[in-house]
Amino acid sequence: MDKELLALLNPQQQKAVVAPEGAVLVLAGPGSGKTRVLTYRIAYLVGGLNIPPHNILAVTFTNKAAKEMNARVEKIIGSHASGLWLGTFHAICGRILRREADLLPVDKNYVIFDEDDQRALMKQVLKEANVDEKLYRPNSILDAISRAKNDLTKPADYPIQTFRDEKIRDFYTRYQQLLVKNNAMDFDDMLLYTADILERFPVIRDKYAHRFEHILVDEFQDTNQAQYFILYHLASKHHNLYVVGDEDQSIYRWRGADYRNLKRFEKDFPGYLKILLEQNYRSTQSILDAAMAVIDQNDNRTRKKLFTEKTRGEKVALYEAMDDHDEAEYVVKAISRAMNLGKAKQSDFATMYRTNAQSRLLEEEFRRAGINYRLVGAQRFYGRREVKDAIAYLRLVHNPRDQVSLARVINTPPRGIGDKTVEKLAQYAASVNLTSGEVLLDLALGDRSVHLLPLGREGLKLASFGKLLTTWRALVEQGSLADLFDRILKDVDYQVYINDRSEEGFDRWENVMELRLVVMEYEDQGLGEFLESMALVADQDTLPEVMDAPTMMTLHAAKGLEFEQVFIVGLDEMLLPHVRSRDDVEAMAEERRLFYVGMTRARQKLTLVRARRRRSSYGSYEETQPSRFLDDLPDDLIEGERRTYRSRLSSAPTGPSRTPRWEVPAFRVPLKDTTPKETKYKSGMRVRHPIYGNGTVRISRIELGDETVEVNFDRGVLKALVASLANLEILG
DNA sequence: GCATCGGATTTTTTT
DNA sequence: AATCCGATGC
């Protein structure tokens, strides 16, 4: 590899890039040139060690990162990069699964179920089982299943401790059956199936393990157990596993990221080489110091000293707004002012927040100020109804067994096939051991179909839809994707259906046409690839169009990016440490890391904003408490509202603290051990509820740090209540 | 089978 | 505030 290129790196980075073969662990702080090291490493493998690119596998966590790395690799080694396997875990697994589809319980035309599809399927499971959706929320069941899958736990091995667990196991089992019946898999299955194949078929494992002489992994701290397992197998021949990560930037625990993977790596690859990248090339020292002050409050981590050769720079600014409107206005005004000074590009600015919902006020404010903006995520393009409809049609054409898509489009636009008829079709299909879609296709044969008679009057309507479906399927073979797309829309009169003569109707049609543009990009690759990438890229980490405008995104979406000036809004308790993390020490540590990730995105200037009053997710305005994370920022790094703020609070005697701190709200104190050890309520106990009246406790269990009690009320309703909130009175 | 109204219900982050 | 669900009426 080029000497000139190496000269661009600092000694640590160089050491990482030219590390000898074998297992390597690169611990890389924020802004330490991690992506650069990864891309140069690839260039070094190809150019220096003469490894053919197709023997290299590079895995990233998000599409954004994959895209970025791809662009950078191409820039260095150009067309030499062709053949390189580079993508997200899910994309790589998809690639393997398509090749090994024979070993799957589904065929190669399988579709990937997104969250909505999963929920629809789970609802079907719950309905079948005839259980109360209030007690067994589809999302919560799916969560449990996802967690199990991330830990490589199959239905049969699902750990049972409570009655509920037993139920979940049953739902899990049935859910998997239905997925197969739909010729579908969910995101987690992609990993699980891949792991399964690698484990059960040594020949297949050796094939890939042999092929991938070098495996590079980005964001290793965010991998889950299934992903580690896959890496382990893929590296089982050459043992050249090169992982890069930063424990302080682990923000996906909730999605199954398993910190123990680091321990597993150390155990499985003894003698690995460890390299630390500590020098920061991004932020000023003030920003780094502030960020370190925050992250150093976390336990169980190696302290790292982030340093830069940049100047101290400006202090971190703090602004406390009156309310959430004021907060948004402040940010937009500050950005607008800075832009008018003329030194900064519009795209130098980014605003980050904890939840997508927080973008709304900012958007309004930007529009009012007449400033264009880029919004990452939020209102997902692919989540829009019209887009989902169109994709569902394509999915059904590709895979007629997809029950969820079928249910979505069979009467959209309305064509006289209502719930009753769909139900009848499903029942009938089950009775002849087929799926609804297969019966539909057969019905298209008209009189020759044996299914026509049994379905009676409705048979004809269904048959005409079946005929449409058959026509479309024929088009896949010969025609272009865009033709198919147009034909479907025309056949079902979709534009008429969408166009309600309102602005919104117009927008919707625009969206459909935008989707058509995406379809055209897949003309060469085919329907299957198009659908797969729709499922896998449905995420907004498609870097939004490169236009010169300030950017808004969640803190999660901000990982891996950098901006000259960063605003983080909503630094309030319940929002930046999010409420949901309040009672969970691990989750709280993750909130802190999330804040840390956000802070370290800033190159020049970091501004933190909070609002004293804020409209809560439901209805009215509420007073807020400042985020506990703000307490950790040393005074000398802060400018702005702090003084005002402290003086307001310092009227309360807080004692002679050496460094003045903000008042600690009372509710922070009893954080520990609010988790009850034993249930207060027992089965059979008689209780009274202020609204539901008297009832008998069915069961009570400790769940998520609180007690959940299910009560059969005398008036005939069964409710699951949170004990600490329900105000239940025990009747003697 | 479809449209409409009223009531209940909302848990954050993303592949 | 917005969306979803179920019941009701046509």
Side-chain angles (χ1 to χ4, degrees), chain A residues 59-66 87-94 112-116 118-120 123 127 133-134 137-140 143 146 149-150 185-192 219 222-224 226-227 250-257 352-360 376-380 382-383 385 411-424 457-458 461 532-542 553-559 570 574-583 587 590-591 593-595 597-598 615-620 691 704 717 719 722:
Chain A
V59 199
T60 63
F61 207 65
T62 64
N63 292 297
K64 202 157 46 189
T88 63
F89 269 103
H90 289 84
I92 298 289
C93 288
I112 297 160
F113 271 14
D114 70 13
E115 251 164 275
D116 290 341
Q118 291 181 353
R119 204 172 310 120
K123 281 187 175 171
K127 201 166 163 191
E133 271 195 30
K134 304 268 152 50
R137 290 242 162 68
N139 277 335
S140 116
D143 246 32
S146 179
K149 286 181 175 177
N150 287 162
M185 63 178 72
D186 63 22
F187 288 126
D188 299 320
D189 284 337
M190 298 185 79
L191 304 177
L192 210 56
E219 308 283 12
D222 281 332
T223 52
N224 63 34
Q227 289 163 335
S250 164
I251 55 176
Y252 287 103
R253 193 187 70 109
W254 54 276
R255 227 177 75 192
M352 298 165 193
Y353 34 78
R354 177 67 239 262
T355 69
N356 275 308
Q358 290 171 260
S359 71
R360 222 195 66 228
V376 183
Q379 181 47 286
R380 304 143 56 207
Y382 297 103
R385 206 178 352 209
N411 204 30
T412 311
R415 55 176 71 87
I417 304 177
D419 293 348
K420 277 270 160 53
T421 309
V422 174
E423 177 69 11
K424 189 171 176 184
R457 205 153 39 95
E458 286 82 10
K461 277 182 188 164
E532 176 165 311
S533 89
M534 282 305 99
L536 261 32
V537 183
D539 149 55
Q540 285 342 275
D541 75 357
T542 333
M553 74 199 102
T554 62
L555 289 163
H556 282 91
K559 185 152 84 155
M574 318 305 263
L575 205 50
L576 195 28
H578 195 271
V579 220
R580 294 263 290 168
S581 314
R582 195 172 30 170
D583 301 329
E590 181 149 309
E591 295 287 310
R593 292 194 292 268
L594 194 52
F595 181 40
V597 166
R615 193 188 293 276
S616 65
S617 52
Y618 154 80
S620 62
I691 293 165
L704 303 171
V717 290
K719 290 272 171 192
V722 177

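Every chain is numbered from 1, with letters handed out A, B, ... down the list of sequences. Since this is a predicted model, take the numbers as computed values, not measurements.
Here the side chain of Glu115(A) is nearest to one of dT12(B), dT14(B), dC2(B), namely dT14(B).
Atom CH2 in Trp254(A) sits about 14 Å away from atom P in dT11(B), given to the nearest Å. When rounded to the nearest whole Å, the span between CZ of Arg580(A) and P of dT13(B) equals 11 Å. In this structure, CD of Glu423(A) is placed 15 Å from C1' of dG1(B), rounded to the nearest angstrom. If you take CG of Asn411(A) and P of dG1(B), they are 9 Å apart, rounded to a whole angstrom. At whole-Å resolution of the value, CG in Asn139(A) and P in dT12(B) are 11 Å apart. Protein atom CZ of Arg582(A) is 18 Å distant from nucleotide atom P of dT13(B), rounded to whole Å. Taking atom OH on Tyr353(A) and atom P on dT14(B), their separation rounds to 9 Å, with Å as the unit. When the C1' atom of dT13(B) is taken as reference, atom CG of Leu576(A) falls 12 Å away, rounded to whole Å.
Mapped onto DNA chain B by nearest heavy atom, Gly416(A) and Ile251(A) fall at different nucleotides, with Gly416(A) at the one closer to the 5' end. Residues Lys461(A) and Glu590(A) both approach DNA chain B. Their nearest nucleotides, taken by heavy-atom distance, put Lys461(A) toward the 5′ side.
In terms of modelled atom types and a separation under 3.5 Å, the side chain of Lys149(A) and the main chain of Ala226(A) share no donor-acceptor contact. With Glu591(A) contributing its side chain and Ser581(A) its backbone, the two residues share no donor-acceptor pair below 3.5 Å. Side chain of Tyr353(A) to main chain of Met553(A): a donor-acceptor pair is present (N/O by atom type, distance under 3.5 Å, no hydrogens or angles).
OP1 or OP2 of dT14(B) sits under 4.0 Å from a side-chain N or O of Thr554(A). Taking 4.0 angstrom as the limit, Thr421(A) places a side-chain polar atom (N or O) nearer than this to OP1 or OP2 of dG1(B). Dashed line: the shortest gap from a side-chain N or O of Asn356(A) to OP1 or OP2 of dT12(B) is not under 4.0 Å. An OP1 or OP2 oxygen of dT14(B) is reached within less than 4.0 angstrom by no side-chain nitrogen or oxygen of Asn63(A).
With hydrogens and angles left out, the side-chain atoms of Arg255(A) and Asn224(A) include no donor and acceptor closer than 3.5 Å.
Rounded to the nearest 0.5 Å, atoms NE2 (His90(A)) and CD1 (Ile112(A)) are 9.0 Å apart.
Lacking a ring centre under 5.5 Å from that of the base six-membered ring together with a plane angle below 30°, His556(A) does not count as stacked on dT12(B).
Within 4.0 Å of Arg137(A), counting heavy atoms only, lies at least one base atom of the nucleic acid. Counting any heavy atom pair closer than 4.0 Å across all strands shown, Lys123(A) reaches sugar-phosphate atoms only and no base atom. Within 4.0 Å of Tyr252(A), counting heavy atoms only, lie sugar-phosphate atoms of the nucleic acid but no base atom.
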